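Please read these numbers as outputs of a predicted model, since none were measured by experiment. Atoms within each ligand, like the ligands themselves, are counted from 1 in listed order.
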Amino acid sequence: MPDTDQPASELPDLVRRILDETGATDLAARLSHPHRRLEVAVPVRRDDGSLSVWKGWRVQYDTTLGPAKGGIRFHPGTDADEVTRLAFWMTVKCALLDLPFGGGKGGVCVDPKQLSPLEVERLARSYVKAVADVIGPDRDIPAPDVNTDARIMGWMADEYSDITRAHQPAAMTGKPQALGGSRGRPAATGRGALIALQEWARRKDLKPEETTIAVQGFGSAGAHFACLAHEAGYRVVAVSDSQGALHAKDGLDPRAVWAHKQEEKELKGLIYCGSSVREQEDYETLDRDALIGLDVDVLALAAMQDAVDAENAGDVRAPLVLELANGPVTPEADAALAEREVTILPDILVNAGGVTVSYFEWVQSRSGDYWPEEDVQSRLESRMLEACGRVYDRADEDDMPVREAAYRLALDRLAEATESRGDRTYFSGS
Ligand code: GLU
C-alpha cells in the first residue's frame, strides 16, 4: 500500500493487485489520487428567459505521459465519482495504445434531451468558460463522449478560441471537419472495435458469416460498429437503444436502422434521437434488456457503464463479450463471466479507436496538415493491430484474462514513465 494519507480505495482491485505484484510503488502512490478534480457551476440562460445552473466536472487523473485526454458527457446520472472513474480508464487506455496523453474526463449532470438545440449550444459554451483555465492543447484536450457529438465539439472549440483570442483547433478533438476535425473520427470507435474483433476472430478461426452479433446501444459507437461489422460479413442479429430492441434471426441491416433513426431525428429537428430503433417495422421487437440474454456468438456492449452486473451476468449466453462502452461489465459480473469461461475483450482496448483518431486529429490540428481518410484508417488499423497483438499474445502466453493482460501492459508503460522521472533508487543514491 502506498504511503499516502488516504488508501488507494478508488482503484479497481485488479489494478491494485497488479501494482502490488509488480512492486510499482511510485506509480501506486501516484494513482492513489487524481491529479486534479475541478467542480464547476454551468449556468445556462433558458429559451424562456430563466436561468438554470448545473454541476459540471473536469478530472485530470494522471498526466505522466502527456496532457490529459478524454471526452465530455452530458448525462443526468453523471457525478464527480463517475467522471473520476472514467478519467482513470482514459489514463490506462492512452498508455495501452502508446499515445502521448494522460487521462481526463469531463461531465455535466444534465439531461440534454430536455433542452432545445440553442440551449445545448449555450450549455457547451458555458462548460468551456467554466473549465477554460485548466484545458488547452498542451494541458487537457476534451473530446466527445455520451450525448456530445461533432457539432457540440465545434461549439466548444469555437468558444475556447474566443476565450483565448487565438485560433486553437488542437484544444478539442472530435470537431466537424470544417473546423479542423479529422476525417474518420465519427466512425473511429466502431472501426477500432471491429479491428479488435477481427484480430481475435483471425486467431480463433471464427468465420464472420457464421458469427452472430447483438449490439447493446445504438449511439455513435454501437451504430458505426454494427454497420461496419455488417459490411465485413458478420451477422448482426439484434440492436437496442434506451427505448427497446430489434431482433432478426437471419440478420438485419444496421445501415437501414441507422438511416431511419437519422431521418426521424432530422424530421423532428432535434440533435438527440427522438425516435427509437423499436419503431422499425420489419423485425421482431424485444424489451431493451432482453438483448443481453440472446443466444449469439458476440455480445457487443456499447451503451453505458455497469450494463452487465452481478444480477444479469447469468443471463449472458454469448461466449464472447466486446466492450465498446467504458466499463459496461462490473467487476462482480466480470468474475462471474470468467467462471463460465466467457471471454471479454476489454474497453481499454476495444474502444480505443476513438481516442487514437483523436490523437491523429490533435496532430493534424497542430500542424495544419490534414490527412486523407485512407491514411487515417490505415494508421488506425496499424495502431489497433499492434496493441491487439501485444494484448492477445500476453493473455495467451500467461494464460490470463484479456483484461488483465491489457492492464498489465498499460501499467508497465506508466510505471516506466513514472520511474524515468526519478524513483526511489535515484533518491536513495543506490
Ligand atoms: N470519449 C471517448 C473515450 O472514452 C473518446 C475520448 C477522446 O477522443 O479523447 O475513449
Side-chain angles (χ1 to χ4, degrees), residues 57-63 65-75 78 82-108 127 131 135-137 139-150 152-154 156-157 160 169-176 180-193 195-196 217 219-222 224-225 301-305 322-328 346-365 376 379-380 383-384 387 406 410:
W57 299 270
R58 186 72 194 168
V59 177
Q60 298 161 354
Y61 201 99
D62 186 74
T63 53
L65 295 176
K69 185 82 195 81
I72 295 166
R73 58 176 55 184
F74 293 162
H75 195 274
T78 293
E82 178 187 285
V83 177
T84 305
R85 204 149 65 107
L86 289 156
F88 175 77
W89 287 330
M90 285 308 301
T91 305
V92 188
K93 196 188 303 185
C94 292
L96 180 63
L97 268 288
D98 235 337
L99 305 177
F101 292 136
K105 203 77 169 196
V108 181
Y127 177 80
V131 301
I135 62 172
R139 283 195 197 125
D140 180 358
I141 306 117
D145 196 76
V146 174
N147 290 335
T148 47
D149 59 7
I152 291 174
M153 295 321 295
M156 290 195 180
Y160 188 74
M172 308 276 166
T173 60
K175 309 175 294 285
S182 177
R183 291 185 172 81
R185 178 63 185 83
T189 307
R191 189 175 293 281
I195 296 168
S220 177
H224 279 113
F225 169 74
L301 299 172
M304 291 291 283
Q305 66 270 23
L322 206 57
E323 294 188 329
L324 273 91
N326 290 306
D347 48 4
I348 57 166
L349 177 67
V350 168
N351 73 24
V355 70
T356 300
V357 177
S358 273
Y359 162 57
F360 299 159
E361 181 168 327
W362 179 74
V363 170
Q364 294 171 80
S365 286
V376 173
R379 285 178 194 241
L380 172 63
R383 286 230 170 217
M384 283 298 300

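- Glu82 pairs with exactly one of Lys105, His75, Arg73 by the side chain to side chain donor-acceptor pair (under 3.5 Å) rule, that one being Arg73.
- Every N/O-N/O distance between Met90 and ligand 1 stays at or above 3.5 Å.
- The side chain of Asn326, and not its backbone, has at least one atom closer than 4.0 Å to an atom of ligand 1 (non-hydrogen atoms only; side chain from C-beta on).
- Ligand 1 is never approached by Pro142 to a heavy-atom distance shorter than 4.0 Å.
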task = Given side chain to side chain contact (heavy atoms under 4.5 Å, CB included), test Leu324 with Val350 step by step and report yes or no.
result = CA-CA 6 Å; Leu324 273 91; Val350 168; 4.3 Å; yes
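- Considering all non-hydrogen atoms of both residues, Ala406 and Pro346 come closest at CB-CG, 4.2 Å.
- Taking atom 7 (C) of ligand 1 as the reference point, the nearest protein heavy-atom neighbour is Ala143 CB, 3.3 Å.
- Distances from atom 5 (C) of ligand 1 to the heavy atoms of Arg73, Arg185, Lys93 show the closest one on Arg185.
- Screening Arg185, Lys175, Arg379, Lys69 for a salt bridge (Lys or Arg N to Asp or Glu O under 4.0 Å) with Glu361, the sole residue that qualifies is Lys175.
- Expressed to the nearest 0.5 Å, how far CG of Leu96 lies from CH2 of Trp89 amounts to 15.0 Å.
- The side-chain heavy atoms of Leu97 and Val355, taken from C-beta on, include no pair separated by under 4.5 Å.
- Looking at Ala352 against ligand 1, nothing comes within 4.0 Å, counting heavy atoms.
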task = Decide side chain to side chain contact (heavy atoms under 4.5 Å, CB included) for Thr84 and Trp57; before the verdict, give the C-alpha distance in whole Å, the side-chain angles of both, and the deciding distance to 0.1 Å.
result = CA-CA 9 Å; Thr84 305; Trp57 299 270; over 6 Å; no
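- In terms of polar-atom proximity, Asn351 is not counted as a contact of ligand 1, lacking any N or O under 3.5 Å from an N or O of the ligand.
- When the options Thr356, Thr189, Asn326 are evaluated for a side chain to side chain donor-acceptor pair (under 3.5 Å) with Asn351, the one that passes is Asn326.
- The closest protein non-hydrogen atom to atom 8 (O) of ligand 1 is Ser358 OG, 2.5 Å.
- Of all the heavy atoms in Gln305 and Arg85, the pair that sits closest is CG-NH2, 3.7 Å.
- Heavy-atom contacts of Gly70 reach the following atoms of ligand 1: 9 (O) (cutoff under 4.0 Å).
- Those atoms of ligand 1 that come under 4.0 Å of a heavy atom in Asp145, given as number and element, are 1 (N), 2 (C), 4 (O).
- Taking 4.0 Å as the cut-off, Gly174 does not count as a neighbour of ligand 1 on heavy-atom distance.
- Of the protein's non-hydrogen atoms, the one nearest atom 9 (O) of ligand 1 is Lys69 NZ, 2.8 Å.
- Atoms of ligand 1 lying under 4.0 Å from at least one heavy atom of Lys105, given by number and element, are 1 (N), 3 (C), 4 (O).
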